[in-house]
Amino acid sequence: MKFTFEDKVQIYKERKSGTTFSKLQLKWKMRKSKTKYLVRLVDKHGLDILRHSSHDYSIQFKEAAIYRVFILHVSITSVSIDLGLSTDSLLLRWIKEYKENGYNVVVRKRGRHAKEENNRGVRERKQVPTRAELEAINRERIHKKIRCLSYGKRSTRKEEIVRAISDLRQDFSLNKEQFSDLVQFRKNYENYYGIEVKR
């Protein structure tokens, strides 16, 4: 069910007047978690945050949000509320796409897709990256993957590290020496970025 601005304001006012989350859930058919998120969002940013406006989030904005979750270990809900996102599922989707896209931020273009053909009706060929460019791209992907391994519970992290090691060695045909260089990068990460990574 889609809620109007007026509906959301009413839900917020009812909650602030003492109506329980359970009663709001029954009346409005909105999950408790969504209602709690809405209340926290308005408490932080005011009622105007509930107005729907189309947002195009930049790559830097998305990277900063994902960075706060992965590296600084701030909860997804807290980051979403702090940034004024309409729902925390938006940040969840960014993180999912980030992992699926080789630890790169996905940028969605709005509007119609541009035609893939030029005026002569011939498809333009994509430029093939040079060997040096490909190595730089792969190096960046590896570094991002290693940075993200500090996220999550310890048991899950161990499984993810094993999976990442296996993926990296298969994707990039890494030998033991090359892999130890990557591990050294992870150790030097805190010095390189000037922050302490929680373990």
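Please read these numbers as outputs of a predicted model, since none were measured by experiment. Numbers here simply count residues along the sequence, with the first being 1.
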**Prompt:** Would you say the side chain of T19 lies within less than 4.5 Å of the side chain of S17, judging by non-hydrogen atoms?
**Reply:** yes
**Partner set under ring pair (Phe, Tyr, Trp, His ring centres under 6.0 Å) for F61, not counting sequence neighbours** = Y57
**Prompt:** Which residues pass the side chain to side chain contact (heavy atoms under 4.5 Å, CB included) test with K32, sequence neighbours left out?
**Reply:** F21, S22, Q25
**Message:** Which residues pass the side chain to side chain donor-acceptor pair (under 3.5 Å) test with K13, not counting sequence neighbours?
**Reply:** none
**Prompt:** Which pairs, with at least one residue in residues 63-78 and sequence neighbours excluded, count as a salt bridge (charged side-chain N to carboxylate O under 4.0 Å, His left out)?
**Reply:** E63-K144, R68-D82
**Complete:** With sequence neighbours left out, the residues meeting salt bridge (charged side-chain N to carboxylate O under 4.0 Å, His left out) with K16 are D43
**Request:** Show the numbers, then the answer: is there a side chain to side chain contact (heavy atoms under 4.5 Å, CB included) between Y37 and R31?
**Result:** CA-CA 10 Å; Y37 184 87; R31 291 195 324 253; over 6 Å; no
**Asked** Do the side chains of T77 and R40 get nearer than 4.5 Å, heavy atoms only?
**Response** yes
**Prompt:** Can you tell me how far the OH atom of Y12 sits from the CG atom of L47, to the nearest 0.5 Å?
**Reply:** 6.5 Å
**Message:** Applying side chain to side chain donor-acceptor pair (under 3.5 Å), can you list everything that pairs with T35, at least two apart in sequence or on another chain?
**Reply:** none
**Complete:** What one should report as the nearest heavy-atom pair of S89 and K34 is OG-NZ, 4.2 Å
**Prompt:** What is the distance from atom NZ of K36 to atom CE of M30, rounded to the nearest 0.5 Å?
**Reply:** 13.5 Å
**Request:** List the steps, then state whether side chain to side chain contact (heavy atoms under 4.5 Å, CB included) holds for S86 with R51.
**Result:** CA-CA 9 Å; S86 59; R51 295 187 190 280; over 6 Å; no
**Message:** Applying salt bridge (charged side-chain N to carboxylate O under 4.0 Å, His left out), can you list everything that pairs with E6, at least two apart in sequence or on another chain?
**Reply:** none
**Prompt:** Is H55 reaching over with its side chain to a backbone N or O of L85, donor-acceptor style, under 3.5 angstrom?
**Reply:** no
**Prompt:** If you measure from CD1 on I76 to CD1 on I95, what distance do you get to the nearest 0.5 Å?
**Reply:** 4.0 Å
**Complete:** OG (S80) and CH2 (W94) are apart, to the nearest 0.5 Å, by 8.0 Å
**Request:** Heavy atoms only: give me the nearest A65-L91 pair and the separation to one decimal.
**Result:** CB-CD1, 3.8 Å
**Item:** Test: K23 and E14 ion pair at under 4.0 Å
**Value:** no
**Message:** Holding to side chain to side chain donor-acceptor pair (under 3.5 Å), I want the full list of residues that pass it with K62, two or more places apart in sequence or in another chain.
**Reply:** none
**Prompt:** Between CG of L38 and CG of L50, what distance do you get to the nearest 0.5 Å?
**Reply:** 5.0 Å
**Request:** Supply the atom-to-atom distance D88 CG to L41 CG, rounded to the nearest 0.5 angstrom.
**Result:** 10.0 Å
**Request:** Mind checking salt bridge (charged side-chain N to carboxylate O under 4.0 Å, His left out) for R93 and listing every partner two or more places apart, or none if nothing turns up?
**Result:** E97
**Least distance between heavy atoms, R15 atom then T20 atom** = NH1-CA, 3.9 Å
**Item:** Side-chain heavy atoms of Y98 within contact of V69, under 4.5 Å
**Value:** no
**Message:** Run the side chain to side chain donor-acceptor pair (under 3.5 Å) test against S78 and tell me which residues pass, sequence neighbours left out.
**Reply:** S75
